[in-house]
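Quick notes on the structure that follows.
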Amino acid sequence: MSVVLSNSYSVMQVSSDFLFKPTFLRGFSGSLHLVLLVVLFLSWVFKKPRANGNEGVKRSVRNNGFLYYKQTISCCLALSIFNFAICFLNHFYWYRNGWSEQKIATLLDSVLRTLAWLALSVYLHRQFLNPSEHRYPFVVRVWWGFFLSISCYCIVVDFVYYKRHQTLHLQYLVSDVVSTVMGLFFCYVGYPSKLEGEDTLLQEPLLNGNTRESKQSNGGEKSLTPYSNASLFGILTFSWMGPLIAVGYKKTLDLEDVPQLASVDSVEGAFPILRDKLESDSGSSSRVTTLGLVKALMFTTWKEILLTAFLALVYTLASYVGPFLIDTFVQYLNGRREFDNEGYLLVLAFFVAKLVECLAQRHWFFRLQQVGIRAQAALVALIYNKGLTLSCQSKQGHTSGEIINFMTVDAERIGDFSWYMHDSWLALVQVALALLILYKNLGLASITALVATVLVMLANIPLGRLQEKYQDKLMKSKDTRMKATSEMLRNMRILKLQGWEMKFLSKIVEVRETEAGWLRKYVYTSAMTTFVFWCAPTFVAVATFGTCIILGIPLESGKILSALATFRILQQPIYVLPDTISMIAQTKVSLDRLASFFRLDDLQPDVVEKLARGSSDIEIEIVDGRFSWDISSPNPTLKEINIKVSHGMRVAVCGTVGSGKSSFLSCILGEMPKLSGNVKLSGTKAYVAQSPWIQSGKIVDNILFGKEMDKERYDRVLEACCLKKDLEILFLGDQTVIGERGINLSGGQKQRIQIARAVYQDADIYLFDDPFSAVDAHTGSHLFKECLLGLLDSKTVIYITHQVEFLPAADLILVMKDGRITQAGKYDDILKSGSDFMELVGAHKEALSALDSIDAGTREDKGVESVTNVEQKEETRNDENGKEDDIIGPKGQLVQEEEREKGKVGFSVYWKYITTAYGGALVPFILLAQVLFQLCQIGSNYWMAWATPVSKYVAPPVRSSTLIIVYVALAIGSSFCILGRSLLLVTAGYKTATLLFNRMHLCIFRAPMSFFDATPSGRILNRASTDQSAVDLNIPFQVGAFAFSMIQLLGTIGVMSQVAWQVFLVFVPVIGICIWLQQYYIPSARELARLVGVCKAPVIQHFAETISGSTTIRSFDQESRFRETSMKLIDGYSRPKFNTAGAMEWLCFRLDMLSSVTFAFSLVFIISIPVGTIDPSIAGLAVTYGLNLNMLQAWVIWNLCNLENKIISVERIFQYTAIPSEPPLVIDTIRPERQWPSHGEIDICSLQVRYAPHMPFVLRGLTCTFGGGMKTGIVGRTGSGKSTLIQTLFRIVEPAAGQIVIDGINISSIGLHDLRSRLSIIPQDPTMFEGTVRSNLDPLEEYSDEQIWEVLDKCQLGDEVRKKEGKLNSTVNENGENWSMGQRQLVCLGRVLLKKSRVLVLDEATASVDTATDNMIQQTLRQHFTDSTVVTIAHRITSVLDSDMVLLLDHGLVKEYDSPAKLLKNKSSSFARLVAEYSVRSNSSLENLANIRMS
């Protein structure tokens, strides 16, 4: 029995001993971790895919079921990294000291723990993104319980083992203590005391992220960037970017998520410094020099410039530590030991140098971008302010397109120059340090290296000059193209109506061909520069090593490797130098352009003497005024101007076309250069321009124009300006967003909004430039009565008018002719005193002769009564219409937000880009050339390391001549490879840029008019300017840089793996973490880059609007408000740019840290290997390449991210190559005969039209027939659908239902060009293009000079053109600014006289001319279009009285359609009422005229 007991006791003792053995414990722990890995893998494999993943991600931001989520994930990752470090250290320690069963079990346990905790952290992260989960998974919580139990058991065993054996493995105890502490934390969060589903106050902020992030996601508009109050650690590690990147990872970033800039980085902080410095140095804007501008920019950012210079110096010094120590490291590996632990000290020196290098470089780059963003923002604000104060003469020399280029291209280039700011002096420092290291290793041969380096740098001079020349030419060509593009986009409606769009597209393409010629020269020069400088380091190396052989200097592998590492670092200034020189050249061109722009003349500040409000009863006084738009012209525009206007006077200004009426208002506003005389003004002013200027935005904002809302006054103004009915029709009322230049409003609506804006301002002086020309007779009468005679009764008003019926109400009438006031006085007085006024009134009398048959008394009594009835009926109909429109829905806006792609840039974008040129045929050859180049580079370095002895006591394996010949052969091979790669890359990039340009512009010009109505031109110009520039100059090199850096990285890994494949044990997980970081970072970076693109367009658009409306803005004294708006938009653009820079450095810092750790582990591994195991030369070569590992690894990821950011420009261009096109220009199978339309009959059947699917119908089932050869007048209240009918006739808008048939052919069945080229139109807005008189009349170049002169004489412009120096080739400025509105309208008349179509449309064609000119136009048309069908839309009733038929439209329906005589007989007809209203308004002037004639 005792034997049995003793045996059983001994068995138990053996069992218990076994349970306490480390081998069992580590094996058991490893097995449990392996089970966890399998369970996690199976759960991942069998997990059902989630629907609505995107929604889940968005909701997960608000998920509040997990306790200490971030800390839990961090602890899991920390455990994984900790076990990996233990595993790594144990491996090297035991590798040198032998293995055992216990050590193998411990190593396996560490490996399995590393993998299991890494997998668990990924699993928990995915669980958190699942909105349905509210607790940690059951399996995970059970595992945490097991893990704590095992960890506690292991600690107990450690102490028992220590007591028994008096020894303790420190790594076991540390591991077990860490595991126990972590286990306690996991159990705490996995088994909370609260019941499931209960929320705690403690949980909420932790689960929703930190408070700053929560606020930021709800309103970036108010939150300040965390950078402004970040801790030192947060700034050093860029942790302040963490909240934004976290938000971007969980949901798609919007602008409100991006925090505001700190005041020092915002334009409000930077701009005043730049402006004040520029003014103090230059004295005045007219003396700004390029040097002065550079000094002012440097003064704006001097602190950051000095800091970046210091960081650049620290980075340079740290980067040369590696090459300096390599020789020592190779000798150490060869067995030479100076002292104990020398290897570890060398590793520490390498590692610390890498950390300092990383920190300095990351903050250097970030601060450089900060400088660039600040400088660009301040410059853009300066350009904006200058554009707001430019004189008219300066504007004529620089069009809006050119000025926009200053903002979009030149300011941006100067901002980008910050990257290259220190490269010039830094290159000298780097060369000096390189020479010191070379002298230490190679002695006098370093002088050869210096000479070779200087020769290479001198080669920059001719290349740099060529690049500067080509860049300058390229920019000038681009200016010309953008100017033409801007003008054509502005007038696209006219181009489409006339069928000229393809001709004008060919002009754009022609200008682009010139630009492309300079682009081609520029990129090929860049290719040659790249070739020279990639070959330069090899050339320096060959020269240096050759000198060593000639001088007999011994070449040892350590010294060779040190020299090669030095040459590799020396590559940086040599590689960057061509870019730096190119950028200096480009920036100098941009600085010169901006300095010359800032030197342009501003408006004369002393034109108008402003008196204190109420200081005098005389509110406007001009004494002996002489004014001229062109100061150098001998004939002033206005002369002998003398006028006094007292408070409360109404002054009317009249005269023929081109007599100087608008110029007269300009001289009062101070817009016109004064030659002599005095202008005095007392009080505030408001101005209504002849061409309506409407801002993009809501109608209410246009009317308030910066004033506070006074509801009572606002309603009175709307009533007075007849806008209430219009707003009732619109679904969103006064909240409706107006398109660019008021594109979705009729001419009359734009004019009335403009009048409402002026009236609401409650100014002292009102200046109206022919405000009633664009509205119909009834509305014009109402406006005059309610505004000028009503709300403005006590104000001083000067109004230009061509309608004689508005003259009698004036206290003073000025008659102008040839720039002089020929008559002045009351209506009755000047009728008696001169012929000029009688001429105007006589024309008016003649126009009204058709009304003679109507009895005056009846007309007066019944007319007024019936007008009231019409208004009441219209109100009823509008109410009904408003109810019908309720079904439209909330998207009843014409202008939608800019389309922005979301999510990852698809591979298809990259694929389409690289296969655009030659189907991608060049891509394999480019990659092959780079691979061969890399192989030649590695081969030459490998050869030098292998073929040179480790020390001077070892015989070299080859002769010196063989050594240098093989090296030179490999160098020449690599040079040819880089030459081929460079040429092929720029060829593919140039071809791609050309094809994308042509495709995008073809799609834009073939887009339907609805696209231009809904798309502000700023968006289109942004793509044609910024995005096209990126495709021209950046993206090919960016795509190439990513591919080439990837090949270089693989080459470096290959070299390092030759020494020890075990490096992959570290490298693979580090690469995995790098990829995870990149994936975590890229969603935020991508959306920030897109926001940069989207936020740029509003800056451009606001600037373009400001330039076109600068006169109106200045007249209302609203400059400061517009400057503030501009600054907000500039900051809105800078915010995503600033955070893009921060996010990039956040990523690069972490990548650099990881690659530095990888490099350090590699060094530790190399010094741990016993001496003689590997060749020290090859190990040294691996270290030489390893020195660049962190740079290459970060470069690959940086290039990938940068490429994805830049490729967005390609994505945006591809968007515009997929715009839905208009129907075909020509349909070959259905082409009308050459003489079509021969008769001109227009048959309209059940026509329904609306401008967009989400908008209401404008024409609602219209049916009528315009007889061939007949004159048809179309009348109706503003907004009734008159212009829409004309647009449908030209198929600018396609019918939603119904059809229009002309001479038996349905116009929808034939090509657009066939239709539009057979019809003629004089449009509502008279348009002239920059060019010559000839090109404006005959852009298609179809007619002879004789025919053109004949037409000019017919439209009474012949004498005017003959006076000009260039005759038919005399200059027409942008928008025809040097021609009056009336003259522009006569040019439009000339175009139709040349064309002589069978169908002619007049769309309010005589709105901008006086009555006499109107009569002349009507007479000319009657004479030359006797057999044509003429369709006339007119606000002057007299223009349609002699028509054969009159069509009266009301809310898109035919209300009346008959001959004028029949409609006038029926006194209750709406047309008769309109005529009655017009007659009542004209009655007083007719009676006065009759009285004068009788006397």
Side-chain angles (χ1 to χ4, degrees), residues 396 487-488 490-500 503-504 507 629 656-663 690-691 747 770 773-774 802 1316-1317 1319-1397 1400-1410 1412-1421 1423-1425 1430 1432:
Q396 288 176 8
E487 183 177 48
M488 286 167 202
R490 215 170 29 245
N491 299 304
M492 187 56 74
R493 188 178 299 276
I494 304 300
L495 297 184
K496 289 192 174 293
L497 285 168
Q498 302 282 7
W500 292 343
K503 173 67 178 178
F504 278 78
K507 288 184 180 179
W629 291 116
T656 56
V657 169
S659 58
K661 302 183 296 297
S662 296
S663 298
Q690 188 172 13
S691 298
D770 199 11
S773 60
H802 289 128
R1316 292 169 184 169
S1317 63
L1319 309 180
S1320 288
I1321 183 168
I1322 301 180
Q1324 185 172 355
D1325 298 318
T1327 303
M1328 290 180 77
F1329 300 92
E1330 187 170 10
T1332 64
V1333 174
R1334 195 189 199 296
S1335 67
N1336 267 278
L1337 281 165
D1338 180 26
L1340 303 183
E1341 299 172 3
E1342 296 175 336
Y1343 304 100
S1344 66
D1345 285 3
E1346 290 75 19
Q1347 290 172 299
I1348 293 172
W1349 278 117
E1350 183 185 342
V1351 162
L1352 283 171
D1353 289 328
K1354 286 177 183 174
C1355 57
Q1356 294 191 359
L1357 280 175
D1359 293 338
E1360 186 69 30
V1361 174
R1362 286 187 184 92
K1363 285 180 195 173
K1364 296 183 182 290
E1365 190 178 339
K1367 305 291 190 293
L1368 289 180
N1369 294 318
S1370 55
T1371 306
V1372 176
N1373 291 344
E1374 187 182 22
N1375 295 329
E1377 293 290 347
N1378 55 339
W1379 292 66
S1380 75
M1381 188 74 86
Q1383 288 170 327
R1384 282 180 250 167
Q1385 196 67 281
L1386 293 176
V1387 169
C1388 294
L1389 172 64
R1391 288 174 188 153
V1392 301
L1393 289 173
L1394 271 176
K1395 204 171 178 183
K1396 288 185 181 174
S1397 298
L1400 172 65
V1401 176
L1402 307 177
D1403 187 358
E1404 297 169 8
T1406 57
S1408 305
V1409 296
D1410 58 85
T1413 309
D1414 183 7
N1415 290 345
M1416 184 275 292
I1417 291 174
Q1418 299 297 341
Q1419 188 178 347
T1420 306
L1421 293 175
Q1423 185 179 342
H1424 294 94
F1425 289 90
V1430 179
T1432 304

Any Asp1353 side-chain heavy atom under 4.5 Å of Arg1362 side chain: yes

Identify the heavy atoms of Met488 and Lys507 that sit nearest to each other, and give their distance. CE-CB, 4.3 Å

Output for pair (Lys496 NZ, Phe504 CZ), nearest 0.5 Å, gives 13.0 Å

How many angstroms lie between SG in Cys1388 and CD1 in Ile1321, if you round to the nearest 0.5 Å? 10.0 Å

Which pair of non-hydrogen atoms, one from Gln690 and one from Ser662, has the smallest distance, and what is that distance? OE1-OG, 3.6 Å

Side chains of Val1401 and Leu1319: does their closest heavy-atom pair fall under 4.5 Å? no

Taking the side chain as every heavy atom from C-beta outward, state whether Ile1348 and Asp1338 have any pair of such atoms under 4.5 Å apart. yes

Could you tell me which non-hydrogen atom of Val1392 sits nearest to which non-hydrogen atom of Ser1320, and how far apart they are? CG1-CB, 3.9 Å

For Leu1337 and Val1387 the tightest heavy-atom approach is CD2-O, 3.6 Å

Can you check whether Glu1350 reaches Glu1346 side chain to side chain, under 4.5 Å on heavy atoms? no

Main-chain N/O of Phe1329 paired with Asn1336 side-chain donor or acceptor, under 3.5 Å: yes

Side chain Tyr1343, main chain Leu1394, donor-acceptor under 3.5 Å: yes

Closest contact, heavy atoms only, Gln498 versus Arg1391: NE2-CD, 4.5 Å

So CG of Leu1386 and CG of Leu1352: to nearest 0.5 Å the spacing works out to 10.0 Å

Report, as yes or no, whether the 6.0 Å neighbourhood of atom NZ on Lys1396 holds more than 12 heavy atoms from other residues, nucleotides or ligands. no

Under 3.5 Å: donor-acceptor pair, side chain of Thr1332, backbone of Ser1335: yes

Side chains of Phe1425 and Leu1393: closer than 4.5 Å at any heavy-atom pair? yes

Between the side chains of Asp1345 and Arg1334, is the shortest nitrogen-to-carboxylate-oxygen separation below 4.0 Å, so that they form an ion pair? yes

To the nearest 0.5 Å, tell me how far Leu1400 CG sits from Leu1389 CG. 9.0 Å

